[in-house]
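Naming: A, B, ... by sequence-line order, numbering from 1 per chain.
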Amino acid sequence: MNKLISYEEAVKKIKSGSRIMVGGFGLVGCPLGLVEALAKANVKDLEIISNNLGEPGRGLGMLVRQKQVKKAIGSYFTSNPEVVQAYQEKELEVELIPQGTMSEAIRAGGAGLGGFYTPVSVGTKIAENKEERILNGKKYVLQEPIKADFALIKAKKADQLGNLIYSKSARNFNPIMATAAEVVIAEVEDVVEVGQLSPEEIVTPHLYVDYIVVKGGN
Amino acid sequence: MNKLISYEEAVKKIKSGSRIMVGGFGLVGCPLGLVEALAKANVKDLEIISNNLGEPGRGLGMLVRQKQVKKAIGSYFTSNPEVVQAYQEKELEVELIPQGTMSEAIRAGGAGLGGFYTPVSVGTKIAENKEERILNGKKYVLQEPIKADFALIKAKKADQLGNLIYSKSARNFNPIMATAAEVVIAEVEDVVEVGQLSPEEIVTPHLYVDYIVVKGGN
Amino acid sequence: MNVKHYIAARAAKELKNGDIVNLGIGIPTLVADHIPPSIRVFLHSENGILGVGPSPDQDQLDPELVNAGKKPVTIKEGSSFFDSASSFAMIRGGHVTVSILGVLQIDAKGRIANWAVPGKSVLGVGGAMDLLEGSKKVIVTTMHVTDKGEPKLVKELTYPMTSERKVDLIITDLAVFAVEEDGLQLIELAPGISLDEVRQKTDAPFRIAESLRTNEVTV
Amino acid sequence: MNVKHYIAARAAKELKNGDIVNLGIGIPTLVADHIPPSIRVFLHSENGILGVGPSPDQDQLDPELVNAGKKPVTIKEGSSFFDSASSFAMIRGGHVTVSILGVLQIDAKGRIANWAVPGKSVLGVGGAMDLLEGSKKVIVTTMHVTDKGEPKLVKELTYPMTSERKVDLIITDLAVFAVEEDGLQLIELAPGISLDEVRQKTDAPFRIAESLRTNEVTV
């Protein structure tokens with residue numbers, strides 16, 4: 001039950017064509033070491049679920065520059081002009097979802113729901129292909145859950161069981177992505193002994209975490 | 001913006017016929033002081049949303065004994081024989097929901113969703129009046145969100161802004177109920193200065209909490 | 001031999017190192033006493049605990065630390081607390097490896113009834129449906145017949161069904177059945193129990209595994 | 001006078017003690033500088049912070065503490081952090097009192113476009129739709145005309161709409177409009193601005209409030 005592995009071992013688990021959630025809001029809270037290891041690996045046709053695709057050549061931007069990404073699902077890609085370019089050259093498919101709908105869909109994926117009705121995006125271009133429905137007099141659209149083969153997340157500390165705590169606004173998508181993938185790999189600053197994290201402060205219980213990589217390690 | 005009030009002031013806000021969420025799993029994590037104050041007040045025809053209705057004459061069981069409850073929505077009432085009796089004598093309506101569907105519906109109420117599809121209860125007596133639907137090859141039922149006029153919750157500590165932390169398994173329904181009612185009143189063991197709770201450990205941010213009552217106070 | 005402890009001990013043999021396990025009320029609770037020291041499993045309690053430990057001594061009682069049966073518990077190192085929505089998200093989302101549940105009836109397909117009795121007011125369901133629907137593997141532990149001697153494994157449920165989802169394994173004081181695509185398969189007899197006795201006390205049809213054997217679980 | 005600061009100062013006058021406020025990028029961000037010291041409001045940032053403080057000095061920069069515009073921030077006492085799903089649950093659930101947003105266009109009914117430009121690849125929406133849908137009150141702050149001098153208040157949106165939900169108040173460098181059931185109502189002129197100028201630079205029809213006045217906001 002030792003969950004500690006190296007970057008190399010982590011990335012070996014990921015095959016071309018995988019559907020991968022990657023935590024972070026821009027570069028903040030993104031597991032940059034795991035992304036870098038993925039950029040060095042010979043994998044392509046990836047489907048990336050992440051709020052953004054990094055910056056030009058940085059974070060997930062590395063994978064875009066190296067044409068390893070086939071499709072991206074997220075809420076805001078315009079902060080990386082290379083994503084826009086790859087999209088226009090039809091090298092990259094993009095699925096755009098409002099940030100709140102995306103985060104709720106990931107949570108729903110992890111929580112075993114079949115879908116949910118949200119009022120957000122009703123009547124807009126984003127909802128063109130979505131089922132609209134009136135419930136209790138208000139218009140909603142149906143959103144399906146989002147799941148993935150892998151989640152690559154970033155936490156501040158893990159204990160040796162895999163319990164996680166986060167740091168400030170680097171928490172963002174990481175705790176929900178930890179719930180919604182077949183295999184969850186957490187990059188952490190530190191690993192502490194079991195019992196060092198308070199049961200009240202643990203944000204991600206260890207049952208969600210399959211592997212731990214220590215930042216800068218190997 | 002002083003949120004500190006007495007039990008008396010808290011209960012005065014509640015009128016007969018109100019729809020009230022009450023935290024707790026049995027008596028654990030139930031705001032017993034607020035419930036007791038409600039039992040002393042001249043309010044009736046209450047609709048109570050709570051996992052249980054206490055024990056005979058204890059916790060919410062007091063309100064049942066005094067015939068203050070018109071309808072109960074929850075998952076497990078058989079632990080209080082007086083509830084069963086009141087139901088059989090048609091003094092009390094009961095709406096039974098699986099515990100996971102109930103907690104998710106309360107969360108959905110607080111999160112502004114119109115409903116969600118859960119696989120739980122498909123094909124059972126509980127789902128008889130619910131919409132069934134196949135999504136991605138699996139059967140689900142539609143569950144509507146649950147909201148209330150008031151939420152009476154129990155926390156371990158509040159700071160003076162109303163940020164809350166909980167204690168052990170007394171957390172249960174309290175954090176989600178804090179999100180899903182028009183007026184949220186928290187009974188707490190202690191009130192500390194702003195800044196005494198770590199931003200990482202706060203479970204219920206203050207924006208959810210309208211009033212605070214200190215346990216045993218008045 | 002305490003048959004309930006025999007059933008619990010047999011169920012404990014199904015657990016693997018690292019499993020996340022939810023134990024129902026009754027016989028399932030006893031499983032905790034029989035987990036082999038060679039493996040480490042983590043007990044999940046749906047009221048919001050991962051890492052439940054043994055019952056406390058009288059002087060260690062903590063009123064804010066109970067399991068889903070509202071009984072006092074302790075916690076082990078590495079445990080965590082969470083709210084009810086998060087707890088059932090874990091269950092429904094398939095993050096609980098094994099649930100061990102009590103049962104009123106089991107039908108020929110391996111579906112169960114364990115939350116309501118016909119003729120009585122149906123006022124409690126709790127987390128039974130969620131656990132059955134969401135857990136990766138579901139084991140039921142039960143006495144083979146009721147207090148009145150009636151078979152619990154029946155052709156068709158007469159009590160309200162808990163879920164369309166079948167259980168995976170049925171462990172009674174007399175036998176162990178695997179639930180297969182085509183119905184129940186008898187795979188083990190309890191020590192000292194004959195096939196005839198099982199046949200006589202079982203209403204549901206079942207196949208007999210070629211590998212049928214008497215297990216060696218003792219308590 | 002810095003007109004953007006004038007707009008921000010006028011918007012700040014809408015805030016009340018205890019408000020939970022989400023500020024968009026651009027002019028809305030400047031509102032933080034104009035909140036009167038007599039009231040206490042709490043800034044919510046949708047990437048998971050309640051209680052955002054002022055920008056840090058260069059030596060206080062914390063790479064893990066940014067706002068939704070990815071700019072470094074600080075936090076105030078009593079702040080808290082939470083994940084993205086929780087953050088948008090707050091927004092969608094109506095727990096944010098006021099959102100102040102930037103805008104590309106506003107139509108005659110008070111609906112806005114602020115996330116996409118026709119002809120360009122639409123690759124970013126962020127939290128704009130969530131904030132507009134969920135906030136109890138929505139104020140838009142904007143220059144009255146575009147850089148090219150074109151009216152931003154138009155009869156019909158030519159840019160993709162952000163939400164069917166109308167905004168509540170429109171504050172520009174020239175005027176303030178309330179959004180009423182029957183459309184836009186001009187309620188204030190900025191200091192030194194004539195009704196004629198507003199008429200000339202506004203494409204959308206609007207009513208003039210009987211109480212129309214020139215406000216006295218200065219920066």
Side-chain angles (χ1 to χ4, degrees), chain B residues 1-4 21 103-116 144-149 151 155 157-166 171 175-184 191-212, chain D residues 15-22 35 37-53 62 64-65 73-99 127 129-138 163-165:
Chain B
M1 224 164 25
N2 179 15
K3 295 181 176 177
L4 277 165
M21 291 181 176
S103 53
E104 190 69 21
I106 294 168
R107 182 190 173 277
L113 301 177
F116 59 88
E144 293 196 353
I146 298 178
K147 299 183 79 168
D149 302 319
K157 278 187 196 177
D159 69 15
Q160 291 188 315
L161 288 175
N163 288 305
L164 302 180
I165 61 170
Y166 300 88
R171 189 183 302 200
I176 49 173
M177 288 180 171
T179 71
E182 285 302 311
V183 177
V184 176
V191 178
V192 300
E193 293 293 313
V194 176
Q196 294 294 300
L197 302 179
S198 146
E200 303 282 5
E201 75 175 338
I202 289 167
V203 176
T204 296
H206 62 76
L207 54 67
Y208 287 121
V209 179
D210 298 295
Y211 301 103
I212 304 164
Chain D
L15 302 179
K16 289 195 273 299
N17 197 36
D19 276 353
I20 310 297
V21 181
N22 189 296
I35 296 166
S38 58
I39 66 166
R40 186 171 183 185
V41 305
F42 302 94
L43 299 183
H44 175 274
S45 187
E46 62 264 36
N47 57 323
I49 313 171
L50 178 63
V52 176
D62 181 334
E64 299 196 320
L65 194 45
V73 291
T74 55
I75 52 167
K76 294 190 172 179
E77 279 203 336
S79 68
S80 53
F81 300 115
F82 31 82
D83 68 49
S84 301
S86 303
S87 185
F88 282 93
M90 285 174 196
I91 294 170
R92 216 177 27 236
H95 307 286
V96 169
T97 333
V98 184
S99 278
M129 290 182 176
D130 306 272
L131 284 163
L132 188 48
E133 169 60 40
S135 307
K136 279 195 187 146
K137 179 173 183 175
V138 177
S163 170
E164 291 184 347
R165 185 243 164 101

Exercise for review: Look only at the side chain of D:H95 and the backbone of B:T179, and say whether a donor-acceptor pair between them is shorter than 3.5 Å.
Suggested key: yes
Point to revise | Distance (rounded to the nearest 0.5 Å) between D:S80 OG and B:E200 CD | key: 10.0 Å
Revision key, fill the gap. Smallest heavy-atom separation, D:L50 atom then B:P205 atom, equals CD2-CB, 3.9 Å
Point to revise | Between D:G93, D:A85, D:G51, the one whose heavy-atom pairs under 4.5 Å with chain B are most numerous | key: D:G93
**Study point:** Structural part of D:F42 lying under 4.5 Å from a heavy atom of chain B
**Key:** side chain
Study note, to complete from the structure: The interface call for D:I91 against chain B, heavy-atom contacts under 4.5 Å, is neither
Exercise for review: May I ask you to check whether over 12 heavy atoms, not counting those of B:Q196, lie within 6.0 Å of atom CD?
Suggested key: yes
Check your understanding: Which value, rounded to the nearest 0.5 Å, describes the distance between B:L207 atom CG and D:M90 atom CE?
Key -> 5.0 Å
Point to revise | Structural part of B:L197 lying under 4.5 Å from a heavy atom of chain D | key: neither
**Study point:** For D:A89 against B:R107, the heavy-atom pair lying closest together
**Key:** CB-NH2, 4.3 Å
Practice item. May I ask you to name which of B:G112, B:P199, B:A180 has the most heavy-atom pairs under 4.5 Å with chain D? Key: B:P199
Exercise for review: Please report the shortest heavy-atom distance between B:N163 and D:G78, naming the atom on each side.
Suggested key: ND2-O, 2.9 Å
Review point. Which pair of non-hydrogen atoms, one from B:L161 and one from D:E77, has the smallest distance, and what is that distance?
Key: CD1-O, 4.2 Å
